[in-house]
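Notes for the one structure printed next.
Numbering of ligands and ligand atoms starts at 1, following listing order.
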Amino acid sequence: MMRIMPGAMLGVVGGGQLGRMFVQAAQQMGYLVTVLDSATDSPAGPIANDFICADFADQSALEKLATRCAAITTEFENIPADSLRRLAKSCRVSPDADSVAIAQNRVLEKQFLVNSGFAVAPFAIIARHEDIFTIEMADLLPGILKVSQFGYDGKGQKTVADQAQLIAAYAHLNHPVCVLEKFMPLKYEISVVVARGSDGDIKTFPVSENQHANGILDISVVPARIPQQLAQQAQAIACQVVERLNYQGVLCVEFFVLQNDELLINEIAPRPHNSGHYSINACITSQFEQQVRSLCGLPLGETTQHSAAAMVNLLGELWQYGEPNWNLVLRHSFAKLHLYGKAEARPGRKMGHFTVLSASTEVALQQALHIKKQLHHSHMQS
Ligand code: ADP
Ligand code: MG
């Protein structure tokens with residue numbers, strides 16, 4: 001595949017924080033970037049070289065993007081796959097529409113994973129109210145009912161203990177197609193960001209150990225404090241996933257680790273991932289530079305981690321009493337602050353993150369937790 005060299009214009013569909021970090025990585029390497037998003041005040045739009053403000057399905061906007069750009073990627077799995085298909089008619093696009101279509105729909109995703117032989121939690125598809133009474137429920141309760149599309153950060157999910165709760169949850173979620181998944185007793189959650197280049201070369205990043213709060217990623221500790229063999233197994237599975245999809249670009253595989261160390265795939269994201277943000281500061285190549293490299297047909301960068309890392313998400317509730325006191329992060333010479341430029345801080349909204357680097361995972365985590373506590377504590381006093 002022809003290499004797209006620095007100086008060329010790249011496009012990204014979606015202007016969120018992942019788009020912003022893609023823009024930053026691309027610009028650092030000398031590329032120009034056009035962002036397409038429907039919000040005028042997106043995190044990525046204002047720092048892009050060019051910004052197209054339009055809906056993801058707007059045909060003339062897509063045409064404009066394809067005309068301007070040498071290659072186009074995406075940062076958001078919920079863009080219509082048809083938009084990517086349309087762009088791909090006249091422009092290099094990665095990831096491809098088919099992979100995105102699978103990852104954006106829990107039913108297609110589960111079917112792909114099961115058909116490919118990957119282990120997942122027991123589940124059943126509920127496509128209409130009547131299905132609640134025909135599925136084999138005994139093995140799925142207590143469970144979690146998840147909408148098939150447009151869920152994120154734990155939204156569009158409800159835990160259910162019995163049939164009555166399932167009926168209520170299905171009505172409440174008000175989404176025609178849902179997946180009922182058995183609630184698994186997790187030892188921990190891990191994820192692997194993997195990239196596949198245009199030449200079929202595959203590189204995985206080190207395994208992240210992820211702690212969630214209220215269904216939203218809270219902290220990632222990397223490398224995960226798990227047996228090496230388990231980490232290698234997770235990385236091998238991530239490689240199989242991108243191979244099986246014939247994927248080009250960056251993808252994240254989220255895993256559940258069961259009590260007996262069995263690995264299940266929770267879900268896949270066809271893009272860089274929140275749990276991979278540590279790579280910006282702790283690896284030779286970040287997940288966003290890797291996205292640029294695979295998109296442009298460059299050789300993938302080395303993913304070796306040079307420092308242990310703990311990443312903490314900064315959610316909107318931290319702004320409850322005004323702008324947090326960033327000195328509490330900045331005074332640490334091993335802490336890296338990332339803010340996404342979002343004007344409005346809503347509870348649960350990802351506003352930024354910080355990463356603490358150290359020689360040891362334990363120290364990185366301890367210091368990150370300390371800073372996190374101070375940030376939360378400081379605004380309670382003001
Ligand atoms: P999202 O698209 O919001 O990330 P996920 O399906 O990854 O949705 O669920 C968010 C979080 O909820 C998971 O990371 C995990 O902590 C918890 N969770 C989801 N499904 C299960 C399950 N079947 N068993 C136990 N915990 C789960
Ligand atoms: Mg998830």
Item to check | Residue Glu254 atom name (nearest to the Mg ion (ligand 2); N/O/S) | outcome: OE1

Checklist outcome for this item: Quick note on ligand 1: atoms under 4.0 Å from a heavy atom of Gly154 include exactly 1 (P), 3 (O)

Checklist entry - Does any pair with a residue in residues 130-150 pass salt bridge (charged side-chain N to carboxylate O under 4.0 Å, His left out), and if so which ones, sequence neighbours excluded? => result Arg128-Glu130, Arg128-Asp131, Lys146-Glu181

Item to check | Trace of the ring pair (Phe, Tyr, Trp, His ring centres under 6.0 Å) decision for His277 with Phe354 | outcome: CA-CA 9 Å; His277 289 353; Phe354 68 87; over 10 Å; no

Next on the checklist: Would Gln165 and Lys158 count as a side-chain hydrogen bond (donor to acceptor under 3.5 Å, both in side chains) here? Give the steps.
Outcome noted: CA-CA 9 Å; Gln165 287 185 5; Lys158 275 214 157 318; over 6 Å; no

Checklist entry - With sequence neighbours excluded, what pairs up with Lys187 under the salt bridge (charged side-chain N to carboxylate O under 4.0 Å, His left out) test? => result Asp261

Checklist entry - Could you walk me through whether Tyr340 and His353 pass the ring pair (Phe, Tyr, Trp, His ring centres under 6.0 Å) check? => result CA-CA 9 Å; Tyr340 307 149; His353 70 270; 5.8 Å; yes

Checklist entry - Is the Mg ion (ligand 2) under 2.8 Å from any N, O or S atom of Asp153? => result no

Next on the checklist: If you apply the rule salt bridge (Lys or Arg N to Asp or Glu O under 4.0 Å), what do you find for Glu344 with Lys342, and how did you get there?
Outcome noted: CA-CA 6 Å; Glu344 198 196 336; Lys342 296 183 183 178; over 6 Å; no

Checklist entry - the Mg ion (ligand 2) is nearest to which N, O or S atom of Glu267? => result OE2

Item to check | Exercise: do His212 and Glu189 side chains pair donor with acceptor under 3.5 Å | outcome: yes

Checklist entry - Under 4.0 Å from any heavy atom of Leu186, which atoms of ligand 1 are there? => result 25 (C), 26 (N)

Checklist entry - Can you list the steps and then say if Gln233 with Leu263 is a side chain to side chain contact (heavy atoms under 4.5 Å, CB included)? => result CA-CA 8 Å; Gln233 199 188 334; Leu263 278 175; 3.9 Å; yes

Next on the checklist: Distance under 4.0 Å to a non-hydrogen atom of Glu254: what atoms of ligand 1 satisfy this?
Outcome noted: 7 (O)

Item to check | Which residue and heavy atom of the protein sit nearest atom 4 (O) of ligand 1, plus the separation | outcome: Glu267 OE2, 2.9 Å

Checklist outcome for this item: Here the atoms of ligand 1 under 4.0 Å from any heavy atom belonging to Ile144 are 18 (N), 19 (C), 20 (N), 21 (C), 22 (C), 27 (C)

Checklist entry - What's the shortest distance from atom 25 (C) of ligand 1 to any protein heavy atom, and which residue and atom give it? => result Met184 O, 3.4 Å

Checklist entry - Which protein non-hydrogen atom lies closest to atom 6 (O) of ligand 1, naming both residue and atom, and how far is it? => result Lys146 NZ, 2.7 Å

Checklist entry - Picking from Arg271, Gln104, Gln149, what satisfies side-chain hydrogen bond (donor to acceptor under 3.5 Å, both in side chains) with Glu77? => result Arg271

Next on the checklist: Let's go through Val194 and Val241 carefully: what are the C-alpha distance in whole Å and the side-chain angles of both, what is the deciding distance for side chain to side chain contact (heavy atoms under 4.5 Å, CB included) to 0.1 Å, and is it a yes or a no?
Outcome noted: CA-CA 9 Å; Val194 57; Val241 169; over 6 Å; no

Checklist entry - What are the atoms of ligand 1, with element, lying closer than 4.0 Å to any heavy atom of Tyr152? => result 2 (O), 3 (O)

Checklist entry - Considering only heavy atoms of Lys182, which atoms of ligand 1 have at least one such atom less than 4.0 Å away? => result 22 (C), 23 (N), 24 (N)

Item to check | Which residue and heavy atom of the protein sit nearest atom 12 (O) of ligand 1, plus the separation | outcome: Gln157 OE1, 4.1 Å

Item to check | Flag side-chain contact, heavy atom, 4.5 Å: Phe255 against Val192 | outcome: yes

Checklist entry - Going by the order shown, which atoms of ligand 1 are within less than 4.0 Å of some heavy atom of Asp153? => result 1 (P), 3 (O)

Item to check | Asn266 neighbourhood, listing ligand 1 atoms whose heavy-atom distance to it stays under 4.0 Å | outcome: 5 (P), 6 (O), 7 (O)

Checklist entry - How about atom 17 (C) of ligand 1: does it have a protein heavy atom within less than 4.0 Å? => result no

Item to check | Candidate with minimal heavy-atom separation from atom 13 (C) of ligand 1, of His212, Glu77, Glu189 | outcome: Glu189

Checklist entry - Where does Arg106 meet ligand 1, judged by heavy-atom distances below 4.0 Å: at the side chain, the backbone, both, or neither? => result side chain

